[in-house]
Amino acid sequence: MAPDIQGNGATEKTPSMENMDVGDGDGEESVKMKKRVTLWNGVAIIVGTIIGSGIFVSPVGVIANCGSVGLSVIVWAVCGVVTIIGALCFAELGTCIPKSGGDYIYVLEAFGDAFEGCAGRCSGAGAQKFCRHIGKLLAFLCLWINLLIIRPTTQSIVALTFANYIVKPFFPTCDGPDSAIRLLAVLCLVTLTFINCASVRAATRVQDIFTVAKVLALILIIICGFVQIGKGEAEYLRPDKAFEGTTSDVGSIAVGFYSGLFAYGGWNYLNFVTEELQNPFVNLPRAIIIGLSLVTTVYVLTNIAYFTVLSPVQMLAAPAVAVTFGDQLLGVMSWIIPVAVALSCFGGVNGSLFTSGRLFFVGAREGHLPDVMAMIHTKSLTPVPALIFTCSLSVIMLVSDDIFVLINYVSYIWYLWFGIAIVGMIMLRFRRPDMPRPYKVPLALPIIFLLVCIFLVVFSFVQIPYECLFGTIIMLSGIPFYFVGVYWENKPKFLTNFLESFTYYCQMTLSVVPQHTYG
């Protein structure tokens, strides 16, 4: 339940949101993650996770389907506005449900007790228990698909891209050795996991530094583009050519819109660390507005800059758009672009690991994952078991050659869960009208964003039905795990003893404890 917020702006503190200091007044110490994420750290998390390698390497999905420079720039801008609408809705959810965990915790809060009425109408105790678990099962499936596929595959793919661009200067005319690239990707994941385990402040500084680096690289591209415009050499941006070749196929425009929206992926990541954000009721909306306004502006201007040098045909043919752009304009300084891509990926992996650890930590705290995942280090106050877990899954993914296929199977699921969370938000408006909402958006905004989510999910099933069906099967595979791990309460003694022994061993090995019970 969200805490009550007094009319004077004061907040009633609860264990889920209060940043408790060591010492509780009774001689027993307590431990809890601190509120160390500032407004600008929050902006860096949003910007740093959205801007990965895509805008540098392959921002071609929009132009390939729109046909013209003019329409593709418009679609990039519209996608940014739609993303801002969705993020503002999540700002309301994050301030009225001030818990870490993002869409998982919002689905759990909105639907966890939504079927209590159904349970009351059931006659059998088993049926009543099942009804009470429906909403919790729904939230668990959101957690499950993130745990099994979305987070580890995303982190692995971005780490691989980082490794590819690190070795590129040593293999300028061919691909680097696959084993060396995968080893570097593992090193990237392990190094960043160690930093995240060691210190929240160190992790946020890494995020800040690499976010600034990637934004500066994009600003360099934008400046070069505007110099070209000033010299009158932006042929493809002239009014008589900007809309040349525009497609009249609504389906193709829809695919372009679909591609553009997925390029903004990561806009909800700050909601996964709400409990660690300083003054979240103010800083969460502010970080979202600042971060997404910046990303939208940079995305639109970067694409305009590309078109000052590259034609749509050249852009589609380029193996790495920003590298081709740099080769033509930067001369001997063109090495900056591959380095910028590597830095961008490194920061993206850091942001994903930082938020993934908090997602799995919250899932364990809610009883949906093993207890040890809800523990934090006694000194660094970081969720070490959850961070090691997400790193391990990502490293395992690097062994497979099919990680790119796996991410395609579940690409539509992002917007499926965004839509379910928005449905929960609208339900809460009517079921709990008196719920404190420090930040509230007009009802039209969640309705608009819900329609966009429905479009993306339906469109995905129309365009790639078999991939979506397989992704749905992967997601639903979590149901038996829920029934064994959560629904089944009276587990055999040998199993509970094993789990307790495993938890104790992890506590001793990693020096971790549950929140509030240290000492």
Side-chain angles (χ1 to χ4, degrees), residues 14-20 31-38 41-42 44-46 48-49 90 93-95 97-109 139-140 142-147 150-152 154-155 189 192-204 206-207 266-278 280 283-284 287-288 347-377 380-394 417 421 510 512-516:
T14 69
S16 66
M17 62 177 293
E18 183 188 12
N19 190 27
M20 296 171 64
V31 63
K32 184 171 177 64
M33 288 191 288
K34 306 293 183 182
K35 287 184 180 292
R36 289 175 175 158
V37 179
T38 66
N41 294 150
I45 289 172
I46 293 171
T49 49
F90 268 56
L93 282 166
T95 52
I97 306 172
K99 296 181 180 181
S100 297
D103 20 311
Y104 159 71
I105 203 68
Y106 304 148
V107 172
L108 182 61
E109 288 284 323
F140 176 82
C142 177
L143 178 67
W144 173 256
I145 196 64
N146 272 279
L147 178 151
I150 293 177
R151 291 305 184 115
T154 301
Q155 288 155 190
L189 288 164
L192 287 172
T193 300
F194 175 80
I195 293 171
N196 275 268
C197 289
S199 168
V200 172
R201 186 163 286 118
T204 54
V206 167
Q207 191 67 23
W267 55 263
N268 63 319
Y269 273 31
L270 186 57
N271 292 72
F272 288 97
V273 299
T274 305
E275 293 172 35
E276 294 174 78
L277 181 64
Q278 296 174 2
N283 285 338
L284 181 61
I288 285 171
V349 174
N350 183 71
S352 184
L353 285 170
F354 187 83
T355 55
S356 295
R358 274 64 183 177
L359 170 61
F360 301 145
F361 168 84
V362 172
R365 189 177 66 187
E366 298 295 335
H368 288 168
L369 291 175
D371 290 342
V372 70
M373 301 266 284
M375 296 185 183
I376 61 177
H377 194 269
S380 64
L381 304 180
T382 55
V384 170
L387 286 164
I388 292 175
F389 177 75
T390 187
C391 175
S392 301
L393 288 178
S394 300
W417 289 109
L510 301 175
V512 294
V513 294
Q515 292 201 87
H516 318 130

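Count residues from 1 along the sequence.
- Remark: Lys35 NZ to Gln278 CD distance equals 8.5 Å, nearest 0.5 Å.
- Closest heavy-atom contact between Cys391 and Leu189: SG-O, 3.9 Å.
- Side-chain atoms of Gln207 come within 3.5 Å of backbone atoms of Gly351 as a donor-acceptor pair (strictly under, hydrogens ignored).
- Residues satisfying the salt bridge (Lys or Arg N to Asp or Glu O under 4.0 Å) test with Glu366, not counting sequence neighbours, are none.
- Rounded to the nearest 0.5 angstrom, Leu277 CG and Asn41 CG are separated by 9.0 Å.
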- Task: List the steps, then state whether side chain to side chain contact (heavy atoms under 4.5 Å, CB included) holds for Phe389 with Leu369.
- Result: CA-CA 11 Å; Phe389 177 75; Leu369 291 175; 5.5 Å; no

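- Taking both residues in full, the closest heavy atoms of Gly94 and Leu284 are given as CA-CD2, 3.6 Å, listed atom of the first, atom of the second, then distance.
- Here the side chain of Asn268 pairs no donor or acceptor atom with the backbone of Asp103 at under 3.5 angstrom.
- Between Ala198 and Ser380, the shortest heavy-atom contact is O-CB, 3.1 Å.
- Judged by distance alone, with hydrogens and angles left aside, the side-chain atoms of Thr355 form a donor-acceptor pair with the main-chain N or O of Ser352 at under 3.5 Å.
- Across Ala386 and Phe360, no two heavy atoms sit closer than the pair CB-CB, 4.1 Å.
- Side-chain contact, Arg151 with Ser356: a donor N or O sits under 3.5 Å from an acceptor N or O.
- Across all their heavy atoms, Ser100 and Phe272 have their closest contact at CB-O, 3.1 Å.
- The backbone N or O of Ala203 sits less than 3.5 Å from a side-chain atom of Asn350, completing a donor-acceptor pair.
- Partners of Tyr104 under the ring-ring contact (aromatic ring centres under 6.0 Å, His included) rule, at least two apart in sequence or in another chain, are His368.
- In this structure, Leu270 CG and Ile45 CD1 are separated by 5.5 Å, a value rounded to the nearest 0.5 Å.
- Nearest heavy atoms, Leu93 versus Ala421: CD1-O, 4.0 Å.
- For the atom pair CD1 of Ile376 and SG of Cys197, the computed distance is 12.5 Å after rounding to the nearest 0.5 Å.
- The line from OG1 of Thr95 to CG of Asn283 is 12.0 Å long, rounded to the nearest 0.5 Å.
- Side-chain atoms of Met33 and Pro383, non-hydrogen and from C-beta on, do get closer than 4.5 Å to each other.
- Relative ring orientation between Trp144 and Phe140 is described as parallel, the plane-to-plane angle staying below 30° on a 0-90° scale split at 30° and 60°.
- For the salt bridge (charged side-chain N to carboxylate O under 4.0 Å, His left out) with Lys99, the lone residue among Glu276, Glu109, Glu275 that qualifies is Glu109.
- Taking CG of Asn271 as the start and OG1 of Thr274 as the end, the distance is 5.0 Å to the nearest 0.5 Å.
- Applying the side chain to side chain contact (heavy atoms under 4.5 Å, CB included) test between Phe354 and each of Val206, Val349, Val200 identifies Val200 as the sole match.
- Checked by atom type, the side-chain pair Thr193/Asn196 shows no donor-acceptor distance below 3.5 Å.
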